Amino acid sequence: MKYRCTVCDYIYDPEVGDPDGGIEPGTAFDDLPDDWVCPECGVEKDMFEPVED
């Protein structure tokens, strides 16, 4: 499942990960480190919501 930042609409896609942030492809959103933040606007994980494909 993908997750959308409620602040800037960035989509976290587990199949892609966050290569610039050191997150490998295949990393589930729930497995992201607690200190991971949105690569677009910098908000924390609790500002993301699941989105349906």
Side-chain angles (χ1 to χ4, degrees):
M1 180 175 289
K2 296 178 184 175
Y3 285 76
R4 180 180 67 86
C5 177
T6 59
V7 175
C8 73
D9 290 332
Y10 168 82
I11 300 291
Y12 176 77
D13 183 348
E15 291 183 12
V16 177
D18 176 18
D20 293 340
I23 305 299
E24 295 288 325
T27 303
F29 186 81
D30 290 340
D31 293 335
L32 291 171
D34 290 337
D35 61 353
W36 182 84
V37 295
C38 177
E40 294 291 320
C41 70
V43 297
E44 296 182 356
K45 285 173 51 177
D46 63 356
M47 297 299 290
F48 280 73
E49 65 184 11
V51 292
E52 299 294 327
D53 284 337

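Computed from a predicted model, the values in this text were never measured in an experiment. Atom set for the values below is all heavy atoms of this structure, side chains included, hydrogens, waters and symmetry mates excluded.
Between V43 and C5, the closest heavy-atom pair is CG2-SG, 3.6 Å. Residues M1 and P50 come closest through the heavy atom pair SD-CB, 3.1 Å.
With sequence neighbours excluded, the residues satisfying ring pair (Phe, Tyr, Trp, His ring centres under 6.0 Å) with Y3 are F29. Judged as a side chain to side chain donor-acceptor pair (under 3.5 Å), and not counting sequence neighbours, E24 has no contacts.
The salt bridge (charged side-chain N to carboxylate O under 4.0 Å, His left out) analysis of residues 29-48, with sequence neighbours excluded, yields no pairs. Annotation: salt bridge (charged side-chain N to carboxylate O under 4.0 Å, His left out) contacts involving residues 11-22, sequence neighbours excluded, comprise K2-D13.
V16 and I23 fall into different hydrophobic clusters, where Ile, Leu, Val, Met, Phe, Trp and Tyr are joined by side-chain heavy atoms under 4.5 Å apart, directly or via other members.
Side-chain contact between F48 and C38 is present, with heavy atoms from C-beta onward closer than 4.5 Å.
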